[in-house]
Amino acid sequence: MIKKIAQGYGNLIGTALKIIVLLALCSALGALFVIPLWKFATTAPKAYTAVILTIIALAACFIAVQKARSAGLKKTIRFLLKLVTIIGGFSVCILLVLLGKAIFAIPVLVLMIILYGIISFGTKKLNGNSER
């Protein structure tokens with residue numbers, strides 16, 4: 001019985017030590033990556049921002065190309081048209097509001113919604129017929 005109790009405590013202490021070693025290893029590896037990045041960010045913030053934004057842009061382009069290859073040309077073009085319509089419409093609306101011409105932002109917003117609807121729903125095949 002004492003042997004089982006000692007074995008149980010041994011397993012408990014072993015597990016606790018494994019957790020402590022794992023936490024120390026994770027902290028050391030994290031510091032190995034974070035400290036140089038922090039030093040770079042504090043000594044040259046503009047260069048750091050440019051590097052990070054470039055890495056993010058390259059990753060986004062890579063992911064977009066991979067998805068576009070698997071989705072096909074028509075779906076990709078339709079998606080890009082939707083994206084340009086939404087981003088462009090909101091950008092023009094914001095610009096008009098900032099320029100003090102908010103009344104003109106309303107028709108732009110309505111036009112954006114109509115164009116999005118045409119791109120999303122007006123260009124698909126209906127009952128096997130040719131595209132509208």
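Under a cut-off of 6.0 angstrom, the local environment of CD1 in Ile103 is sparse, with at most 12 non-hydrogen atoms contributed by other residues, nucleotides or ligands.
The two residues Ala47 and Phe40 have their closest heavy-atom pair at C-CZ, 3.9 Å. Ala105 and Val97 get closest at one heavy-atom pair: CB-CG2, 4.1 Å. Of all heavy-atom pairs spanning Gly89 and Met112, the tightest one is CA-SD, 3.6 Å.
Atom CD1 in Ile94 sits 12.0 Å away from atom CG in Leu99 (nearest 0.5 Å). To the nearest 0.5 Å, atom NZ of residue Lys4 and atom CD of residue Gln7 are 8.5 Å apart. Taking CG of Leu53 as the start and CG of Leu58 as the end, the distance is 11.0 Å to the nearest 0.5 Å.
A 4.5 Å side-chain heavy-atom check between Ile87 and Ser91 finds at least one atom pair inside the cut-off.
Looking at residues two or more places apart in sequence or on another chain, you find no ring pair (Phe, Tyr, Trp, His ring centres under 6.0 Å) involving Phe90.
By the rule that hydrophobic residues join a cluster once side-chain heavy atoms approach within less than 4.5 Å of another member, Leu109 and Tyr116 end up as members of one cluster. When the side chains of ILVMFWY residues are joined at heavy-atom separations under 4.5 Å, either directly or via intervening members, Ile63 and Leu73 end up in two distinct hydrophobic clusters. Cluster annotation: Ile119 is not connected to Leu111 through the hydrophobic network of ILVMFWY side chains, with a link wherever side-chain heavy atoms come within less than 4.5 Å. By the criterion of side-chain heavy atoms lying less than 4.5 angstrom apart, applied directly or through intervening Ile, Leu, Val, Met, Phe, Trp or Tyr residues, Leu81 is not grouped with Leu115; the two fall into different hydrophobic clusters. No continuous path of ILVMFWY side-chain contacts below 4.5 Å connects Ile86 to Val84, so the two sit in separate hydrophobic clusters.
Ser70 contributes a side-chain N or O that, together with a main-chain N or O of Lys67, makes up a donor-acceptor pair within less than 3.5 Å.
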Check residues 9-37 and write down every donor-acceptor pair under 3.5 Å in which the side-chain atom is one partner and the other belongs to a residue at least two apart or another chain.
{"unit_1": "Thr15", "atom_1": "OG1", "unit_2": "Asn11", "atom_2": "O", "d": "2.9"}
{"unit_1": "Ser27", "atom_1": "OG", "unit_2": "Leu23", "atom_2": "O", "d": "2.9"}

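Residue pairs meeting the ring pair (Phe, Tyr, Trp, His ring centres under 6.0 Å) criterion with at least one member in residues 51-73: none, sequence neighbours excluded.
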